[in-house]
Amino acid sequence: MSPDYRSNFLRTVVDRGYLHQCTDLDALDAHLTGGNAMVGYIGFDCTAPSLHAGSLVSIMLLRKFQQAGHQPIVLMGGGTTRIGDPSGRDAARQLLDDATIAANMAGIRTVFARFLRFGDGPTDAVMVNNADWLDDLRYIPFLRDYGRHLSVNRMLTFDSVRLRLEREQPLSFLEFNYMVLQAYDFLELARRRDCVLQMGGSDQWGNIVGGVDLARRIDGRTLFGLTTPLLTTASGAKMGKTAAGAVWLSPEMLSPYQYWQFWRNTEDADVGRFLRLFTELPLDEVRRLETLQGAEINHAKEVLANEATRLCHGEAAAASAAETARQTFAEQATGDDLPTVAVATSELADGVPVPELFRRSGLAASNSDARRLIKGGGARINNTVVDSEHRLVTAADLTPQGVVKLSAGRKRHALIRAV
């Protein structure tokens, strides 16, 4: 259980495993219980048309913040995306043009609408774009007024910079400016919206502390920073990634069934932790589920998949995904929600190599990855093991429903539909 914090938010953060570091927990606890709604934010750069499951801890943290009676700000990095955050990176991010950034921002907005309540009330979430103030900065005045308060000596000790330098990997002056601009974002939000808390992953600690320090030096403000642990799975894999790519939160980029399946495939050792972080089940129920052993742990994984999918895609999508999984696994059928790839009838007339179809369906990251799957005996067509990487899929493989079912192992499936 958490220490004796007075604020519901900090008790939840500690009990469910969201807390990694905080600049001053006792002072933050006092501020959170001061009688007024507190304002806090997390920043998200617009590097893709959707966020993926690696951002879910931050999204859920904003949700808990709002549920505790405070106002969350979603800061969209319309300005900072033009630079690219070096945190956790071995190389510079690809620079995006303004049109791509705007399109990505529009896609990301729809994700948050499913997790947060937006509006004009004192605890309603707001979405802000840091391009609103960064675009108008004048370089020399900015350096004079703000740059002189930021120590290069200290910035060189932050992990985002130090690790790149230790590995002798390039760090451009453009990227080096990122932490300066993020610190300035915090100051601007404090001035414009009385925001006193910045949250983020532990790789953002240096950037967050920079903002706390900048506001203290320039405005005499007391601000707070809080970070969450960076998650990996029990086997060491990066959270939100699979062999086939990112686990996107938008149904246009990843179907609800595939999303459900990602959570159903959780490693046994991660079930309890993920139930705490990514569902809203009572902690007593989480503790009961995480004690299940053997085949019974699969029930806990299904609960995790149902709850996580319900939060992201809604009740109907979660129920449909669960039913598709039941049909697929229990009845060896082809559920309606399985990922489906259209293939021209003319292609099937000539025959399509199995590795090519596994790649196109997303069950393999590449043709060579598919060949390895076949050689390991993990590839199936219509529930029959593929015994040769040279096998062709033809119209003869179509079921009466006009599809071919592909399986990678026993848990990942897709359909090829002739058109």
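In what follows, every heavy atom counts, from backbone to side chain, and hydrogens, waters and symmetry copies are set aside.
Side-chain contact between L116 and F118: present, with at least one pair of heavy atoms (C-beta onward) separated by less than 4.5 Å. With contacts defined as side-chain heavy-atom distances shorter than 4.5 Å, the pair L415/V404 does not qualify. With a 4.5 Å cut-off on side-chain heavy atoms, I59 and L249 count as touching. Side-chain contact between L61 and V13: present, with at least one pair of heavy atoms (C-beta onward) separated by less than 4.5 Å. Contact of the I374 side chain with the F358 side chain is not registered, since no non-hydrogen atoms from C-beta on lie closer than 4.5 Å. Between T80 and Q182 the shortest side-chain heavy-atom distance does not fall below 4.5 Å. Looking at M76 and I108, their side chains come closer than 4.5 Å, going by heavy atoms from C-beta outward. Counting heavy atoms from C-beta on, the side chains of M60 and L277 never come closer than 4.5 Å.
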As a quick check of understanding, evaluate side-chain contact (heavy atoms from CB on, under 4.5 Å) for L181 and N130, giving each step before the final call.
CA-CA 9 Å; L181 296 180; N130 64 11; over 6 Å; no
Given the rule in the side-chain hydrogen bond (donor to acceptor under 3.5 Å, both in side chains) test, do T100 and D97 qualify, once you have shown the distances and angles that lead to the verdict?
CA-CA 6 Å; T100 302; D97 59 36; 2.8 Å; yes
Would K405 and N383 count as a side-chain contact (heavy atoms from CB on, under 4.5 Å) if you check the C-alpha gap in whole Å, the side-chain angles of each, and the deciding distance to 0.1 Å?
CA-CA 7 Å; K405 180 183 174 185; N383 303 319; 3.2 Å; yes
Output, in order, the C-alpha distance, side-chain angles, deciding distance and verdict of side-chain contact (heavy atoms from CB on, under 4.5 Å) for L392 and V354.
CA-CA 6 Å; L392 299 178; V354 169; over 6 Å; no
Evaluate side-chain contact (heavy atoms from CB on, under 4.5 Å) for L32 paired with H70, printing each intermediate quantity in order.
CA-CA 8 Å; L32 286 162; H70 304 289; 3.6 Å; yes
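Between Q258 and S255, the side chains place a donor N or O and an acceptor N or O closer than 3.5 Å (distance only, hydrogens not considered). Defined by atom type and a distance below 3.5 Å, a donor-acceptor pair is present between the side-chain atoms of N207 and Q204. Looking only at atom types and distance, the side chain of T12 has no donor-acceptor partner in the side chain of D15 under 3.5 Å away. Residues S202 and Q21 have side chains that never bring a donor and an acceptor to within less than 3.5 angstrom of each other. Checking S407 against H413 by side-chain atom types alone, a donor-acceptor pair falls below 3.5 Å.
F278 and W263 have tilted rings, their planes meeting at an angle from 30° to 60° on a 0 to 90° scale.
In terms of heavy-atom proximity, R63 sits nearest to R114 at NH1-O, 4.2 Å. Summarising the geometry of R192 relative to D132, their closest heavy-atom pair is NH2-O, 4.4 Å, with the distance given to 0.1 Å. Nearest heavy-atom pair across W248 and Y259 is O-CD1, 3.8 Å. Minimum interatomic distance between V111 and S50 (heavy atoms only, all atoms of both residues): CG2-OG, 4.0 Å. Contact between F44 and S55 at its shortest, heavy atoms only, is CE2-CB, 4.4 Å. A pairwise comparison of heavy atoms in C22 and L19 identifies CB-CD1, 4.3 Å as the closest pair.
For residues 68-78, the set of pairs meeting the salt bridge (charged side-chain N to carboxylate O under 4.0 Å, His left out) definition, not counting sequence neighbours, is empty.
Between the side chain of N129 and the backbone N or O of A131 there is at least one donor-acceptor pair closer than 3.5 Å. Side-chain atoms of D124 come within 3.5 Å of backbone N or O of G121 as a donor-acceptor pair. For Y5 (side chain) and D29 (main-chain N/O), no donor-acceptor pair under 3.5 Å exists by modelled atom type. Judged purely by atom type and a 3.5 angstrom limit, D270 uses its side chain to pair as donor or acceptor with the backbone of A234. A donor-acceptor contact shorter than 3.5 Å links the side chain of T324 to the backbone of S320. Side-chain atoms of T23 come within 3.5 Å of backbone atoms of G225 as a donor-acceptor pair (strictly under, hydrogens ignored). A donor-acceptor contact shorter than 3.5 Å is absent between the side chain of S250 and the backbone of M253.
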Without placing hydrogens or testing angles, list every side-chain donor-acceptor pair under 3.5 Å for residues 302-312, not counting sequence neighbours.
| unit_1 | atom_1 | unit_2 | atom_2 | d |
| --- | --- | --- | --- | --- |
| N306 | OD1 | W260 | NE1 | 2.7 |
| N306 | ND2 | E302 | O | 3.2 |
| E307 | OE1 | R310 | NH2 | 3.0 |
| T309 | OG1 | A305 | O | 2.7 |

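Distance check, rounded to the nearest 0.5 Å: CZ of F224 to CD of Q198 gives 13.5 Å. With rounding to the nearest 0.5 angstrom, the CG atom of L373 is 8.0 Å from the CG atom of L363. With values rounded to the nearest 0.5 angstrom, K301 atom NZ is found 5.5 Å from N298 atom CG. The structure places CE of M38 at 5.0 Å from CG of L28, a figure rounded to the nearest 0.5 Å. Rounding to the nearest 0.5 angstrom, the gap separating the OG1 atom in T291 from the CD atom in E296 is 9.0 Å. Residue L406 holds its CG atom at 4.5 Å from CD1 of I416, rounded to the nearest 0.5 Å.
With salt bridges taken as basic N to acidic carboxylate O contacts below 4.0 Å, one links E290 and R276. Remark: R391 engages D397 in a salt bridge, criterion side-chain N to carboxylate O under 4.0 Å. Under 4.0 Å is where a charged nitrogen must lie from a carboxylate oxygen, and between E267 and R273 no such pair does. A salt bridge links R360 to E347: at least one charged side-chain nitrogen sits closer than 4.0 Å to a carboxylate oxygen.
Screening R117, Q67, Q71 for a side-chain hydrogen bond (donor to acceptor under 3.5 Å, both in side chains) with T123, the sole residue that qualifies is R117.
Annotation: Y41 is in aromatic contact with F186 [ring centroid separation under 6.0 Å].
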